[in-house]
Amino acid sequence: MKAKFNVLVERDEDGYYVATVPFLPGCHTQAKSLDELIERAKEAIELYLEVEKDIVAGEFVGVQVVEAETG
């Protein structure tokens with residue numbers, strides 16, 4: 001059985017790509033290239049689901065950028 005999960009991709013200050021799966025708390029990984037990141041994200045999701053078996057993917061609504069004062 002297959003399920004689709006949304007993956008948030010960002011680039012950190014060191015140039016690494018970071019993938020976070022918002023629907024799976026604590027499920028994230030990083031890599032130097034996007035191709036490698038996607039493979040690692042798939043592995044991270046599969047490992048997560050080996051432990052947490054009763055997960056059902058949620059509905060993606062969207063992304064909002066929120067501006068806040070930093071000091």
Side-chain angles (χ1 to χ4, degrees):
M1 185 165 111
K2 290 190 177 193
K4 293 182 181 180
F5 291 88
N6 295 300
V7 177
L8 177 64
V9 177
E10 301 175 280
R11 191 183 317 210
D12 71 10
E13 63 276 357
D14 296 323
Y16 280 87
Y17 292 100
V18 179
T20 304
V21 185
F23 197 74
L24 304 176
C27 186
H28 54 270
T29 190
Q30 67 180 20
K32 274 290 197 183
S33 74
L34 286 172
D35 289 337
E36 184 179 12
L37 183 71
I38 298 307
E39 284 301 314
R40 287 185 177 186
K42 181 180 176 183
E43 291 173 7
I45 291 167
E46 289 172 349
L47 289 170
Y48 191 103
L49 295 175
E50 281 183 18
V51 175
E52 301 291 334
K53 301 205 182 287
D54 295 328
I55 299 291
V56 177
E59 177 185 355
F60 181 72
V61 176
V63 175
Q64 294 290 317
V65 176
V66 177
E67 187 174 340
E69 290 293 328
T70 60

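All residue numbers in this chain count up from 1 along the given sequence.
- The CZ atom of Phe23 lies 12.0 Å from the CD1 atom of Ile45; values are rounded to the nearest 0.5 Å.
- Thr29 places a side-chain heavy atom less than 4.5 Å from the side chain of Leu37.
- Under the 4.5 Å side-chain heavy-atom criterion for ILVMFWY residues, no single connected hydrophobic cluster contains both Ile38 and Tyr48.
- The OH atom of Tyr17 sits 13.0 Å away from atom CD of Gln30, with the distance rounded to the nearest 0.5 Å.
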Sequence neighbours left out, cut at 3.5 Å: what donor-acceptor pairs do the side chains of residues 63-71 make with other protein atoms?
none

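- Counting only residues at least two apart or in different chains, salt bridge (charged side-chain N to carboxylate O under 4.0 Å, His left out) contacts with residues 5-23 are absent.
- If you take CG on Leu49 and CZ on Phe5, they are separated by 4.5 Å, rounding to the nearest 0.5 Å.
- Atom OH of Tyr16 has 12 or fewer neighbouring heavy atoms from other residues, nucleotides or ligands inside a 6.0 Å radius.
- At a threshold of 4.5 Å between non-hydrogen side-chain atoms, the residues Thr20 and Val7 do not count as touching.
- Hydrophobic clustering (ILVMFWY, side-chain heavy atoms < 4.5 Å, transitive): Leu8 and Leu24 are in distinct clusters.
- In this structure, the side chains of Asn6 and Val21 stay at 4.5 Å or more apart for every pair of heavy atoms.
- Of all heavy-atom pairs spanning Ala19 and Ala41, the tightest one is CB-CB, 4.2 Å.
- Among pairs with a residue in residues 39-48, those fulfilling salt bridge (charged side-chain N to carboxylate O under 4.0 Å, His left out) read Glu36-Arg40, at least two apart in sequence or across chains.
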